[in-house]
Amino acid sequence: TAAGGLAPAITSQELLSCVPELAEFCRIDAIQLYNLDSTNMGPEQWQGIAAAVQENYDRYDGFVITHGTDTLDETPYFLNLTVKSNKPVVFTAAMRPATAISADGPMNLLEAVTVAADPDARGRGVMVVLNDRIGAARFVTKTNATSLDTFRAPEEGYLGVVVGGKPQFETRVDKIHTLRSVFDVRQLKVLPKVVIIYGYQDDPEYMYDAAIAHHADGIIYAGTGAGSVSVRSAAGIKKAQQAGIVVVRASRTGSGVVPPDDSQPGLVADSLNPAKARILLMTALTQTKDPQLIQQYFHTY
Ligand code: ASP
């Protein structure tokens with residue numbers, strides 16, 4: 001642990017040896033890719049993790065990736081969009097440090113491995129397993145700064161649960177992912193640059209000037225309510241669009257759909273939160289700048 005939060009401290013091999021129960025029902029190899037606080041991760045690590053899954057695809061029945069909780073709604077969604085996998089890809093994490101009373105890491109790791117080893121977990125897209133719940137990377141997000149049951153999808157719920165040590169699946173994700181996804185960004189070293197601008201009372205227009213000055217390719221507007229824009233943000237969005245930047249309106253509320261509205265500027269993020277919307281826009285912009293096609297991606301991925 002580090003002052004003020006959790007920091008990665010041990011290798012993946014050491015992590016496995018903390019949970020000897022893992023060896024009882026499957027063979028596990030550990031690959032150490034990074035040892036980073038998840039707030040310091042980004043496209044380089046997304047691509048590195050995706051590549052590791054892809055390169056080792058034929059050798060394993062499933063994949064578990066340990067990750068910090070703070071940005072655990074981001075990396076899994078990138079893999080959900082880009083990894084060509086029918087095999088389970090499961091992210092897990094811990095809210096409490098290993099030294100805490102009732103540390104959650106060991107059980108989360110064990111449950112993530114049981115999900116990754118379960119044939120019924122195939123073809124469900126990338127998953128996030130914590131606290132006995134199996135979440136879809138498309139929907140779950142961190143909803144509470146400190147509590148164990150922080151990963152939720154307020155509208156869509158979970159794919160299933162882990163009960164008595166066994167995964168039990170209840171639903172499937174309808175959105176396009178993994179094998180059916182048209183996105184293949186494996187050869188790209190650099191992804192398009194997309195920033196998020198938060199909407200609030202009195203929000204200044206100069207954030208858009210900054211995005212233009214820094215040559216952003218896209219902007220996600222984390223708007224109030226259903227992505228509504230103030231007079232100031234509308235002016236900023238217009239300016240950005242004139243500079244060739246693709247703008248997508250999302251909601252800062254934490255759940256719900258931003259519906260298409262011709263009276264408002266920009267595309268809409270559907271039910272993707274701003275961080276996930278950023279990842280889809282980065283990925284979509286590798287293929288097209290056609291607003292209609294990008295909008296279609298937002299409704300289907
Ligand atoms: N700051 C840490 C991280 O996201 C917190 C955690 O692991 O839960 O990497």
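Atoms within a ligand are numbered from 1 in the order they appear, just like the ligands themselves.
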**Request:** Give the other cluster members for V257, using side-chain heavy-atom distances under 4.5 Å between Ile, Leu, Val, Met, Phe, Trp and Tyr residues; answer none if it is isolated.
**Result:** none
**Item:** Heteroatom proximity flag, T39 to ligand 1, N/O under 3.5 Å
**Value:** no
**Complete:** Contact region, A93 to ligand 1, non-hydrogen atoms below 4.0 Å, reads neither
**Rounded distance (nearest 0.5 Å) linking atom OG1 of T82 with atom NE2 of H177** = 13.0 Å
**Message:** Distance to the ring centre below 6.0 angstrom and angle to the axis at most 45 degrees; does that hold for K87 and Y57?
**Reply:** yes
**Message:** For ligand 1 and K142, I'd like to know whether there is a polar contact (N/O to N/O, distance under 3.5 Å).
**Reply:** no
**Request:** Name the option, out of L36, T150, T69, that contains the heavy atom nearest to atom 6 (C) of ligand 1.
**Result:** T69
**Message:** Only heavy atoms of A94, strictly under 4.0 Å: list the atoms of ligand 1 that pass.
**Reply:** 8 (O)
**Asked** Between D70 and ligand 1, does any nitrogen or oxygen pair lie at a separation below 3.5 Å?
**Response** yes
**Asked** Can you list every salt bridge (charged side-chain N to carboxylate O under 4.0 Å, His left out) pair that touches residues 249-269, not counting sequence neighbours?
**Response** none
**Asked** Any Lys/Arg nitrogen of D73 or K142 sitting under 4.0 Å from an Asp/Glu carboxylate oxygen of the other?
**Response** no
